[in-house]
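Nothing fancy with the numbering, it's 1 onward along the sequence. Since we're looking at a predicted model, the values are computed, not measured.
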Amino acid sequence: VQLQASGGGLVQGGGSLRLSCAASGRAFDEYAMAWFRQAPGKEREFVAVINWSWSRGTTYYADSVKGRFTIARDNAKNTAYLQMNSLKSEDTAVYYCAARNGLATQTMRNTYQYDYWGQGTLVTVSS
């Protein structure tokens, strides 16, 4: 599976952005799709994940984004999305999409638990 993230940019605090992650390859619906982010000088951290075949659309979020971000997927388009609302300066980071073959449980929030990675897209939130 190859992943291509897009949709990043500069936005004012309180604004919104939608990131997209286009996947190539077969059996997209068998992969759990996730978003991670990495701020300057910090480790890559989990943002959200969505299952499909293994657990019908189950989603999990980091506490820091819960209620503001929404993860979704369109299996017909082989694309996952991250809708980000009420953005804060602390959301500034490079956002990466990732895929895992199979179920993602609530505790699967580590980078080593995901098999495929996109190249990242930069989100900058101005205060």
Is there a continuous path of hydrophobic side-chain contacts, each under 4.5 Å between heavy atoms, that joins [X] to [Y]?
{"X": "Leu19", "Y": "Ile50", "result": "yes"}
{"X": "Ile71", "Y": "Leu17", "result": "yes"}
{"X": "Val47", "Y": "Val49", "result": "no"}

Interatomic spacing from [atom1] in [X] to [atom2] in [Y] - rounded to 0.5 Å:
{"X": "Met33", "Y": "Asn78", "atom1": "CE", "atom2": "CG", "answer": "9.0 Å"}
{"X": "Thr59", "Y": "Phe69", "atom1": "OG1", "atom2": "CZ", "answer": "14.5 Å"}
{"X": "Glu45", "Y": "Gln38", "atom1": "CD", "atom2": "CD", "answer": "9.5 Å"}

Heavy-atom closest contact ([X] atom, [Y] atom, distance):
{"X": "Ser20", "Y": "Thr79", "result": "CB-CG2, 4.3 Å"}
{"X": "Phe36", "Y": "Arg109", "result": "CE2-O, 3.6 Å"}
{"X": "Arg73", "Y": "Ala32", "result": "NH1-CA, 4.1 Å"}
{"X": "Tyr60", "Y": "Thr105", "result": "CE1-C, 3.8 Å"}
{"X": "Ala23", "Y": "Leu3", "result": "CB-CD2, 3.6 Å"}
{"X": "Phe28", "Y": "Asp74", "result": "CE2-O, 4.1 Å"}

With sequence neighbours left out, write down each residue that passes side-chain contact (heavy atoms from CB on, under 4.5 Å) with [X], or none if nothing qualifies.
{"X": "Lys66", "answer": "Tyr61, Asp63"}
{"X": "Ala72", "answer": "none"}
{"X": "Glu43", "answer": "none"}
{"X": "Ala62", "answer": "Phe46, Ser64, Val65"}

* Asked: For residues 110-127, which residue pairs qualify under side chain to side chain donor-acceptor pair (under 3.5 Å), counting only residues two or more places apart or in two chains?
  ->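 Sorted result for residues 110-127: Asn110-Gln113.
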Scan the side chains in residues 81-90 for donor-acceptor partners under 3.5 Å anywhere in the protein, sequence neighbours excluded, and list what turns up.
unit_1, atom_1, unit_2, atom_2, d
Gln83, NE2, Asn85, OD1, 2.9
Asn85, OD1, Ser16, OG, 2.9

* **Test item: Arg68 and Asp91 side chains (from C-beta on) under 4.5 Å apart, heavy atoms** =>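 A side-chain contact exists here, since the closest heavy-atom pair is under 4.5 Å.
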